[in-house]
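Remember, predicted model here, so these are calculated numbers, not experimental data. Every chain is numbered from 1, with letters handed out A, B, ... down the list of sequences.
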Amino acid sequence: MSKLSYVRTEMLPEQAPPVAQAGIVKWLRENLFSSIPNSILTLASLAFLYVILSHVLPWMFQSSWTANSLSECRSMIAAAYGEGTHGACWAVIRERFLQLVFGFYPAELYWRPIVAFILMLVALAPVLFDKLPRKMLWFSAIFPFLCFWLLWGGSIWVPIVALAGFVLGGVAYALIGAKFGNLPATIAAFLVPVLWWLLLANPVSNGLHSIIPLGLEAVESAKFGGFMLSVLIGITGIVMSLPIGVLLALGRQSDLLIVKAICVGFIEFIRGVPLITLLFVASVLLNYFLPPGTTFDIILRVIIMVTLFASAYMAEVIRGGLAALPKGQYEGADSLGLDFWQSTRLIIMPQALKISIPSIVSTFIGLFKDTVLVSIIGLLDPIGLTTNIRADAAWNGIIWELYGFIALVFFIFCFSMSRYSMYLERKLQTSH
Amino acid sequence: MKKSTFIGTVAAATLAAGFAAAGTLDEVKAKGFLQCGVTTGLVGFAAADANGNWDGFDVAVCRAVAAAVLGDPQAVKFTPTTGKTRFTALASGEIDLLARNTTWTFSRDVDLKFTFVGVNYYDGQGFMVPKALGVSSAKDLDTATVCIQTGTTTELNLADFFRSNNISYEPVPIETNAEAQAQYLAGACDVYTTDASGLAATRATFENPGDHVVLPEIISKEPLGPLVRHGDDQWADIARWTLNALITAEELGITSANIKEAAMSAGDNPEINRLLGTEGNLGEMLGLSADWAKNAIAAGGNYGEIFERNIGEKTAIGISRGLNAQWTNGGLLYSPPFR
C-alpha cells in the first residue's frame with residue numbers, strides 16, 4: 001500500500017470569499033450598483049444628498065446657543081466661523097423653550113402639567129400594553145378628571161361631581177336593566193348623567209366646596225399654550241374620538257331607523273365641512289348663540305369640535321373594519337346565542353378594530369397634526385407662538401429655527417405613534 | 001364685501017343683546033380687569049416676552065385704559081386675535097376694547113357697527129425693493145412681482161395704485177408677514193408692500209438692511225386706532241379721552257417722570273390741573289375717579305414716551321415721528337382740549 005492517495009484526507013482551510021462576493025462590497029454591488037441605470041440613480045442620489053447636507057449641516061452646527069437676540073447671533077456666528085457664514089440661531093429655542101412647551105402657564109405651577117403628563121403615560125400604559133395588570137385601567141378611567149383638575153385647578157369637587165355622572169349612569173343601567181330590559185336601560189344610561197350634569201352638578205359641587213373647600217389655584221385657559229396645548233387637544237381628541245367613533249359606526253349599521261339616520265347625518269355633515277370651519281364656529285359663532293355674559297371656555301370649545309371631527313372620521317374607519325369581517329362571524333356569534341352587545345364586544349369589535357389599526361393610527365396622527373390649525377383662531381399653540389416670538393424685536397426675522405424645532409417635536413410624537421401601531425399589528429397577527 | 005356684510009349682520013344681531021346688558025364700564029369694574037384684544041404678535045405694537053408679559057405700542061393703550069378705569073395698568077387680560085377673529089371677538093363682547101393696529105375705514109365704522117375712538121398711529125402703505133433693482137420710484141415698478149398679504153386693505157390699495165398709474169404687476173399672495181419676509185429675501189418677488197411701519201420693522205431684521213430701500217411713495221392712508229362696540233357711548237368716551245389724555249400730556253410736557261409732582265397740587269396751568277384732576281370734575285363726568293388721567297399717563301408715560309420706547313428711533317424698528325408728531329411739530333396729533 002503506497003502512502004499515495006488520490007483523494008485529500010484532510011480539509012483545506014477555508015478561504016475568504018472573493019472580494020466581490022462578500023461584505024460591504026457585495027452589499028454595494030447588489031443594492032446600489034446592480035445595473036447601469038441603478039448605478040446612475042445611486043450616483044445621482046449621492047450627489048443630491050451631498051448638496052443638501054453640505055448646506056444644512058454647516059447651518060445647523062455653525063450656530064449660536066447663547067446669544068440674546070438675532071443680531072447678536074449673527075455677530076457671534078460671524079466672529080466664530082468667519083464673515084458671511086450663515087448659521088442657525090438656536091438661542092431663540094433656548095430662551096423660549098419653556099414658553100414653547102407651556103405657553104403662558106405660570107412658571108411656579110409648571111409642576112402641574114408635568115405631573116399630568118407623567119400620569120397620562122401611566123394611564124395610557126395599561127391601554128397600550130396588555131401585559132400590565134388590568135387593575136391599572138381603573139386609574140386610566142379616572143385620569144381625564146384628574147388631568148382636568150391638575151391643569152385648570154379650581155375646586156376638586158367639579159371633576160368629582162362630573163365623574164359621579166358616569167357612576168350614576170352605570171347604576172341606572174344596572175337597576176333599570178334588571179327590571180325592564182335592555183333598551184330602557186340603555187336610554188336611562190344616557191339620560192341620567194346628562195340630566196345630572198345639566199341640572200344638579202353645579203349646585204352640588206358648589207355646595208360641597210362650601211362645606212369642604214379643597215382645590216388648587218385656578219389657571220385660566222388663556223394661559224395655556226405651546227406643546228402643552230397641542231398635546232392636550234390632540235390626546236383628548238384621540239381618546240374621546242375612538243369610543244364615539246365606535247358607537248357611530250355601530251349606529252350607522254344599525255337597523256333602528258332613527259339611530260341610523262342620526263349617525264349617518266352626523267358623520268356625513270362633519271365629514272362634509274373642513275376642520276377650520278368647525279374651529280371658526282367654535283371660536284366665533286358660538287359666542288353669538290350663547291347668551292351674553294356666558295363664558296364657555298375656548299379651549300373646551302375647540303376640544304369638543306376637534307373630537308367631533310375626529311369621531312366622524314373614526315366612525316368611517318371602523319365601519320371599514322366592520323365591512324371587512326366575513327358574514328360568518330356575525331352568524332357564528334348569533335348561533336352561540338350572544339345578544340347584540342355581547343357579540344359586538346366579544347367577537348365583532350376585536351376583529352374589526354384589529355383590521356382597522358393602521359387607518360386608526362393614521363387618523364390619530366392626522367388629528368394630532370391638525371391641532372396646529374388652532375393658531376388661526378388666535379390660540380397660542382407652537383405655531384401661534386412663533387408669530388408672538390417673532391414679534392419680540394430681538395427675535396424678529398427668525399423663521400427656520402422655530403419651524404425646525406416644532407417639526408422635530410411633532411415628528412417624535414407622530415413617529416412613536418406609527419411605531420406603536422406596527423408593534424400592535426405584529427402582536428395581534430393571527431394569520432400564522 | 002360679502003364677508004363684511006355677514007359679519008355686520010351678525011354684529012347687528014348681537015347689538016340687541018348688548019343694549020340689554022349693563023354698560024361696559026360697570027362690567028369692567030365688576031370683573032376687575034379689562035379684556036383687551038391685541039394682535040397675536042407684531043413687532044413694536046404687541047408682543048409677549050419669555051415670561052408672558054405683553055408689551056408694545058398697542059398694548060400701552062390697553063394698559064392706559066385699564067389704569068384710567070381701574071387704577072391699575074396691570075389689570076388687563078389680553079386676548080390675541082388674528083385678522084380673521086378680531087371683529088367678531090369685539091362684536092360678541094368677548095373683549096371690551098380692540099387695540100390691534102386696525103385701520104379706521106368707513107365700512108368698519110358704519111357697516112360693522114364699531115366706534116373708532118381715535119388714531120394712535122398714522123400709517124400708510126409703502127414699498128420695499130432690493131437696492132440692486134435700481135428703482136427709485138414706485139411708478140417704475142411696471143411688470144414687477146409684488147409680495148402682498150391677502151385679505152387686507154393693502155391688496156386693494158395696490159390694485160388701485162397700479163391701475164391709476166396704468167402699469168401692471170404680478171401679485172404673489174402670501175399669508176403672514178414672516179412668510180413675506182422669507183419669500184422676499186428668497187427673491188420670489190421684486191417688491192414687498194405693506195404698512196410703512198411694518199416695512200421698517202421687517203427691514204431692520206435683515207442681515208444687510210442697507211441692501212434694501214423703502215420707496216418714497218406712500219400710496220394709502222392707514223389711520224390705526226383702538227375701537228369699541230357701537231352703542232355704549234360712555235365706554236367709547238372713556239377710551240377716546242384716555243387716548244387724548246396721553247396725547248395732551250405730551251403736548252403739555254407731562255411725562256412719567258414729572259407727573260407725580262404735577263398731580264400733587266394745582267399748578268399754574270389750568271389745563272394741566274383739569275387733566276390731572278387737581279381742578280374741576282372731568283373724571284366725575286366720565287364716571288371715573290378724579291385721578292383717572294394721572295393713572296393713565298403714569299401707566300406708561302405720555303404718547304411720546306410710549307412711541308419712543310416701543311417703535312421710536314432708538315429701538316430696533318427705528319420709526320421717526322413723521323405724521324405722528326404733535327401738531328405743534330408739524331404732525332397730525334391734535335387732541336381736543338380738556339375743558
Side-chain angles (χ1 to χ4, degrees), chain A residues 68-71 73-74 78 84 86 92 94-100 102-107 220 222-223 225 276 279-280 283-295 298 375-380 383-400 402-403, chain B residues 7 10-11 13-14 16-18 20-22 27 35 37-56 77-89 91-94 175-179 181-182 185 201-207 310-311 315-317:
Chain A
N68 288 311
S69 71
L70 180 59
S71 48
C73 254
R74 283 179 181 148
H86 291 275
V92 67
R94 173 190 57 81
E95 192 190 285
R96 298 295 183 121
F97 179 75
L98 287 174
Q99 196 173 55
L100 280 168
F102 296 106
F104 297 145
Y105 210 83
E220 49 182 340
K223 296 208 184 312
I276 193 71
L279 291 178
F280 272 122
S283 107
V284 170
L285 275 183
L286 276 185
N287 281 337
Y288 288 114
F289 297 145
L290 297 168
T294 21
T295 47
I298 176 76
S375 62
I376 297 182
I377 56 167
L379 290 186
L380 294 174
I383 299 289
L385 276 173
T386 60
T387 321
N388 191 5
I389 291 171
R390 268 194 298 269
D392 185 336
W395 300 118
N396 190 11
I398 287 215
I399 294 169
W400 300 109
L402 288 169
Y403 286 142
Chain B
I7 297 174
V10 185
T14 35
E27 274 175 29
Q35 192 79 45
V38 292
T39 71
T40 48
L42 181 68
V43 190
F45 286 84
D49 65 9
N51 302 317
N53 301 317
W54 287 86
D55 201 10
K77 288 189 180 171
F78 294 99
T79 303
T81 57
T82 63
K84 295 181 180 72
T85 61
R86 55 182 166 182
F87 293 129
T88 36
S92 67
E94 200 181 322
E175 190 61 37
T176 63
N177 185 48
E179 197 190 327
Q181 218 162 306
L185 282 179
T202 304
R203 183 170 169 268
T205 66
F206 289 171
E207 265 190 281
N310 292 304
I311 51 181
T315 65
I317 308 161

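Under the rule for a side chain to side chain contact (heavy atoms under 4.5 Å, CB included), the partners of A:A393 that lie at least two apart in sequence or sit in another chain are B:V43, B:A316. The ring-ring contact (aromatic ring centres under 6.0 Å, His included) test applied to B:F78 returns B:W54, not counting sequence neighbours.
No other option in B:P80, B:A50, B:A182, B:A46 has as many heavy-atom pairs under 4.5 Å with chain A as B:A50. Your options are A:L380, A:I298, A:I376, and the one with the most heavy-atom pairs under 4.5 Å with chain B is A:I376. Listed options A:F280, A:F97, A:F104 were ranked by heavy-atom pairs under 4.5 angstrom with chain B; first place goes to A:F104.
For B:A89, no part lies under 4.5 angstrom from a heavy atom of chain A. When heavy atoms are compared at a cutoff of 4.5 Å, B:F206 approaches chain A solely by way of its backbone atoms N, CA, C and O. Only the backbone of A:S375 comes within less than 4.5 Å of a heavy atom in chain B; its side chain stays farther off. There is no contact between A:I398 and chain B, counting heavy-atom distances below 4.5 Å. At a 4.5 Å heavy-atom cutoff, the contact between A:R390 and chain B is made by backbone and side-chain atoms alike. Both the backbone and the side chain of A:I377 come within contact range of chain B, with heavy atoms under 4.5 Å apart. For chain A, no part of B:E179 is nearby; none of its heavy atoms comes within less than 4.5 Å.
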